[in-house]
Protein chains: 2
Amino acid sequence: MRAGIFWGFCSKTFNGVIVINETYAKILEIAYRLFAEHGFDKTSLSMIAKEVGISKPAIYYHFPSKDVLIDVLFDEIAKEIDFSKSFSIQDYTKDNFEAKLLADGCRMIEDQRQDEYFPRILNEYMIRGSRNEPKYEQRFHAVTEGFASGFEELLTHGAKLGAVPDERITAKAHMLTMVIDNIGNFMMIGFKFNYEDIWQEAVKSVLRSEG
Amino acid sequence: MRAGIFWGFCSKTFNGVIVINETYAKILEIAYRLFAEHGFDKTSLSMIAKEVGISKPAIYYHFPSKDVLIDVLFDEIAKEIDFSKSFSIQDYTKDNFEAKLLADGCRMIEDQRQDEYFPRILNEYMIRGSRNEPKYEQRFHAVTEGFASGFEELLTHGAKLGAVPDERITAKAHMLTMVIDNIGNFMMIGFKFNYEDIWQEAVKSVLRSEG
DNA sequence: GTCTATACCTGGATAGAC
DNA sequence: GTCTATCCAGGTATAGAC
């Protein structure tokens with residue numbers, strides 16, 4: 001569960017005492033869920049205020065505008081997505097490579113199953129980014145690029161170990177990126193595919209040598 | 001270009017003469033572009049009316065509501081997406097299997113490159129479908145399911161021909177579906193990947209046998 | 001920090017003339 | 001078939017009291 005991811009951000013230290021701004025965090029928390037459920041446009045500040053248990057104008061004390069709220073939320077979310085959190089390259093050896101790549105992917109799939117809001121809100125930001133809002137486009141690029149280059153690094157590492165055939169590493173890395181990324185989307189729209197099987201297929205395919 | 005895809009729908013025959021309802025078609029045409037560019041919510045009927053060159057209430061003569069307009073548009077678009085239009089199974093032989101699968105996918109990628117609006121608006125409908133609007137969810141499922149089962153049929157056919165190893169056909173078909181589907185998304189957000197290479201990698205991987 | 005009240009705008013949709 | 005005029009709901013955001 002990602003239920004408490006916003007608490008860290010809003011804590012500050014006064015005279016050595018950690019003070020947590022509860023309302024600020026709660027707004028982000030509720031907004032996260034409502035934005036994911038209904039989208040940015042169809043989620044009004046009234047809805048957020050209502051669920052937080054405050055009045056609409058009270059939100060404006062914490063955030064100067066709805067756009068800024070959306071913006072701050074993205075910064076928090078983007079921190080959560082990191083290739084190295086799911087795949088730690090240094091733990092991969094020649095012997096465990098296939099099994100570990102499979103297991104790490106499956107764990108990521110399971111994480112996505114646990115939090116249905118995550119791919120939804122990510123998609124909202126993706127759309128925003130793609131509609132000439134360079135601010136989000138850039139950051140979104142960075143996130144996905146992190147996975148693409150992460151897989152490339154991992155496969156290069158695997159090639160050095162002799163666990164991965166040293167051919168077309170970039171294309172293979174990008175294929176893995178597209179598969180793991182789309183699993184979230186397909187879950188979102190409710191497809192009951194066997195995602196672990198699909199991931200296994202993808203993993204095997206990059207480890208098989210040209211035939 | 002898909003510039004004329006709405007003309008067929010709105011033509012009717014009177015006394016043997018084909019009459020085309022120009023405004024009706026023009027509204028769909030403009031709406032298609034604006035919805036893709038700005039999303040359903042941020043595209044108002046005023047914007048559409050302005051670009052069509054009529055007043056806002058005039059739209060209501062042709063469509064009872066904005067929702068119905070969105071609805072009708074989907075019916076038109078859904079007709080365009082069909083696995084068999086991109087991959088015609090009967091033309092696949094043992095000898096041409098790999099080359100043809102590669103070529104058909106590349107043609108589809110090229111089509112997507114030509115019409116940037118298509119993946120955008122498709123994404124809009126996907127979101128709609130995933131937000132408890134069972135109407136769209138069902139139809140969207142049908143579209144994607146068509147590709148999944150299409151690839152499965154194609155690979156089964158390939159296995160009979162001896163061009164594809166007869167293992168894990170379903171997982172392989174689903175992997176191809178997810179790769180080809182996500183290429184549109186990645187193009188949408190502006191990634192300059194070498195999609196033909198990625199597709200080639202996916203194709204090769206399903207044709208390689210275990211080991 | 002949070003409230004009530006309110007300003008201001010823009011959305012979808014309708015009435016009725018032409 | 002298309003218009004002008006209008007309605008009303010709901011949005012973001014602000015003023016000012018507490």
Side-chain angles (χ1 to χ4, degrees), chain A residues 6-7 9-12 14 17-31 34-35 37-74 124 127-128 131 133 135, chain B residues 6-7 9-12 14 17-74 124 127-128 131 133 135-136:
Chain A
F6 304 114
W7 291 98
F9 180 70
C10 53
S11 60
K12 286 177 185 162
F14 289 112
V17 181
I18 294 171
V19 176
I20 292 175
N21 185 337
E22 290 196 32
T23 307
Y24 183 91
K26 207 170 176 187
I27 292 170
L28 284 174
E29 198 84 33
I30 302 282
L34 291 179
F35 283 151
E37 277 177 356
H38 311 112
F40 294 137
D41 295 329
K42 285 246 183 313
T43 304
S44 67
L45 294 182
S46 321
M47 291 165 68
I48 296 172
K50 198 176 180 181
E51 293 222 18
V52 171
I54 57 175
S55 71
K56 189 166 59 168
I59 295 179
Y60 283 91
Y61 173 79
H62 299 279
F63 301 93
S65 72
K66 188 183 179 182
D67 275 340
V68 171
L69 169 55
I70 291 173
D71 214 29
V72 170
L73 193 55
F74 185 75
E124 283 291 314
I127 294 278
R128 274 220 152 195
R131 296 213 216 281
E133 298 214 33
K135 191 173 54 183
Chain B
F6 303 114
W7 291 98
F9 181 69
C10 53
S11 60
K12 286 176 185 162
F14 289 113
V17 181
I18 295 171
V19 176
I20 292 175
N21 186 336
E22 290 196 33
T23 306
Y24 183 92
K26 206 169 176 187
I27 291 171
L28 284 174
E29 199 84 33
I30 302 280
Y32 173 75
R33 207 191 70 236
L34 290 178
F35 283 150
E37 276 177 357
H38 311 111
F40 293 136
D41 294 330
K42 285 249 185 313
T43 304
S44 67
L45 294 182
S46 321
M47 290 165 68
I48 296 172
K50 198 176 179 181
E51 292 223 17
V52 172
I54 56 176
S55 70
K56 187 166 64 165
I59 294 179
Y60 283 91
Y61 175 80
H62 299 279
F63 301 93
S65 73
K66 188 184 180 182
D67 275 341
V68 170
L69 169 56
I70 291 173
D71 214 29
V72 170
L73 193 55
F74 185 75
E124 283 292 313
I127 294 277
R128 275 220 150 194
R131 295 211 217 281
E133 298 212 35
K135 190 172 54 183
Y136 292 107

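Every chain is numbered from 1 and lettered A, B, ... according to where its sequence line falls, protein lines coming before strand lines.
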Which of these nucleotides, [options], is closest to any side-chain atom of [X]?
X       : options               : value
B:Lys66 : D:dA13, C:dC3, C:dG12 : C:dG12
A:His62 : D:dT14, C:dG1, D:dA5  : C:dG1
B:Pro57 : D:dT4, C:dG11, D:dA15 : D:dT4

Using modelled atom types only, decide if a donor and an acceptor are shared between the side chain of [X] and the backbone of [Y] within a distance under 3.5 Å.
X        : Y       : result
A:Lys66  : A:Phe40 : yes
A:Lys135 : A:Asp71 : no
B:Glu124 : B:Phe35 : no

Inset, instruction - Answer with base, sugar-phosphate or nothing: what part of the nucleic acid does B:Ser55 contact at a heavy-atom distance below 4.0 Å? - result: base
Between [N] ([atom2]) and [X] ([atom1]): distance, integer Å:
X       : N      : atom1 : atom2 : result
A:Lys50 : D:dG10 : NZ    : P     : 11 Å
B:Tyr24 : D:dG1  : OH    : C1'   : 15 Å
A:Asp67 : D:dA13 : CG    : C1'   : 12 Å
A:Leu69 : D:dG11 : CG    : P     : 15 Å
B:Tyr61 : C:dA15 : OH    : P     : 17 Å
A:Lys56 : D:dG11 : NZ    : P     : 7 Å
B:Lys42 : D:dT12 : NZ    : C1'   : 11 Å
A:Leu45 : D:dA13 : CG    : C1'   : 9 Å

Legend entry - Nearest-nucleotide comparison on DNA chain D, the residue closer to the 5′ end among A:Pro64 and A:Ser46: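 Result: A:Ser46.
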Legend entry - A:Ser44 side chain near D:dG11 phosphate (N/O to OP1/OP2, under 4.0 Å):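 True: A:Ser44 side-chain N/O within range (under 4.0 Å) of D:dG11 OP1/OP2.
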Legend entry - Test item: A:Ile54 and A:Ile27 side chains (from C-beta on) under 4.5 Å apart, heavy atoms: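 In short, these two side chains touch, coming nearer than 4.5 Å.
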Legend entry - Electrostatic pair B:Asp41:B:Arg128 at N-O distance under 4.0 angstrom: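 No, this pair does not count.
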